[in-house]
K.L.:
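Quick one: structure below, then a few questions.
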Amino acid sequence: METIVSLCKRRGFIFQGSDIYGGIGGFWDYGPLGVELKNNIKRAWWRAMVQERDDIVGIDAAIIMNPLVWRASGHEATFTDLLTDCKNCRHRFRADKIKGWEEPEKIACPNCGMRGQLTPPRDFNLLFKTTVGPVADEGSIAYLRPETAQAMFVQYRNVQETTRKKLPFGIAQQGRSFRNEIVHGDFIFRDREFEQMEMEFFVKPGTEDEWHDYWKEARLNWWKKTLNVSDEHIRIKVIRPDRTYIEGPDPDDVQVEKPPHYSKGNYDLEYLFPMGWSEIEGIASRTNFDLSAHANLSGKDLSYFDDETKEKYIPYVVEPAMGVERCFLVALLEHYREEVVASKDGREEKRVVLKFPYALAPYKAAVFPLLRNRPELVEMARNLARDLKTEMMATYDDTGAIGKLYRRQDEIGTPFCITVDVQSLDDHQVTLRDRDSMEQVRVDVSQVKGWLGERVK
Ligand code: ATP
């Protein structure tokens, strides 16, 4: 993890939030490469979940919602984690993350090591509070949303009526969520501000188990095919009210859990992070909990009339929900390689390469002139880069020797490097070098855009 953290900072993927003021815990800023990777992840998800489907549509809702939303959803009363503090060193911990937390008087503080100093765990609400309007009083309190899902329930009726969708259908959304996590950390794994990509799939009651299994498979495939995650690094934790078990690697390594209050069962997808197996996506069978709760509190009818069976019912919901940051971290950890390669003079040297799937790579191509003191080469390379930019993220660089420029692009995962050399002026061909095989081919400069376009699509 330290290697990835330092690469992210050094190459401009991620910076500490408010860096010059010493940062602020749980908030991060994404730099020029980070914003591209994030956008590519979001695009890949949207493509699979909305663009390529007939049965799912998207929305983009406000972050601040009427506080009654959070009363109905149960967040105001129960969106809590267990907090314990150490009376000696004053450190705070999420109690359920400490082994033996049920009897705090018997265990040592994970920070200072003193025994018997941890306080009995108490509920801590993770909602961030703010006030709306010019007067800050009880009546103006609102919350920053802790999940994007509720907007899909609250707007379910409007979306269903305007799109005339019939069950089963889904509503998807990507956007910021906020949780005042007791302990943030493991780099960007647990943040206080993060982005979620969630989809609520509305189904006929009685069909939810079938759809729950369908979405488990679909989402697992997405991680394997789009993110290229290997089979040994991903598994499913099945959380049912009566038992918890693993499908996939390390099946013995699991603690018993209960599904969340709104769910009759969860499939949690877990990735093998350096700190151990941890959740990257939750696929919850949310029953009609949310729609019923909103119908009750708002007094609005949120039932669905089934034309075929002439029945009226409140739909059940299956929800795949994931965070962009955890996916970002998976992309880096999964594709980071250190390879030994032969340098020009025959010595062995280390090459760091991010073997991202092309669709995720921040830049698809980088263009260099072989000699930066030859204006004709510089001009030809700049023109080519400018032309490529009309189709894809591409960059021009002439700030080092060619070997160094290749290494820099390898380290940020650019699939193709293109070099303009003296011969290019005569034969109008350039050298295209493949990130993974490091093989080089000569391609006519007029063909480069098409050649790359085919491959990086
Ligand atoms: P955890 O058990 O790790 O706290 P959770 O079960 O509370 O996660 P969900 O409420 O199911 O998480 O949220 C869905 C997804 O949102 C998670 O799988 C994760 O990818 C992402 N997510 C949740 N909390 C955070 C956070 N604090 N920082 C970054 N991503 C998060």
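Numbers here simply count residues along the sequence, with the first being 1. Numbering of ligands and ligand atoms starts at 1, following listing order.
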K.L.:
Under 6.0 Å from the six-membered ring centre of W215 and within 45° of its axis: does the NZ or CZ of R219 meet both?
P.N.:
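No - R219 does not lie over the ring of W215 by the 6.0 Å and 45° rule.
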
K.L.:
Taking atom types as modelled and ignoring hydrogens, do the side chains of E281 and W223 form a donor-acceptor contact shorter than 3.5 angstrom?
P.N.:
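There is such a pair between these side chains.
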
K.L.:
Is a side-chain donor or acceptor of E270 paired with a backbone partner of W277 at a separation under 3.5 angstrom?
P.N.:
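No, the answer is negative, given that no donor and acceptor are paired below the 3.5 Å cut-off.
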
K.L.:
Enumerate the protein residues lying less than 4.0 Å from ligand 1, judged by heavy-atom distances, in chain and residue-number order.
P.N.:
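The answer is R94, R179, E181, F189, R190, D191, F194, Q196, E279, I280, E281, G282, A321, M322, G323, R326, counting any residue whose heavy atom sits under 4.0 Å from ligand 1.
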
K.L.:
Could you tell me whether the side chain of E208 and the main chain of G206 form a donor-acceptor pair under 3.5 Å?
P.N.:
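Here the side-chain-to-backbone pair exists.
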
K.L.:
What distance do F124 atom CZ and R92 atom CZ have between them, rounded to the nearest 0.5 Å?
P.N.:
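One finds 7.5 Å between CZ of F124 and CZ of R92.
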
K.L.:
Could you give the distance from CG (L227) to CZ (F356), rounded to the nearest 0.5 Å?
P.N.:
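Spacing of CG (L227) from CZ (F356) equals 10.0 Å.
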
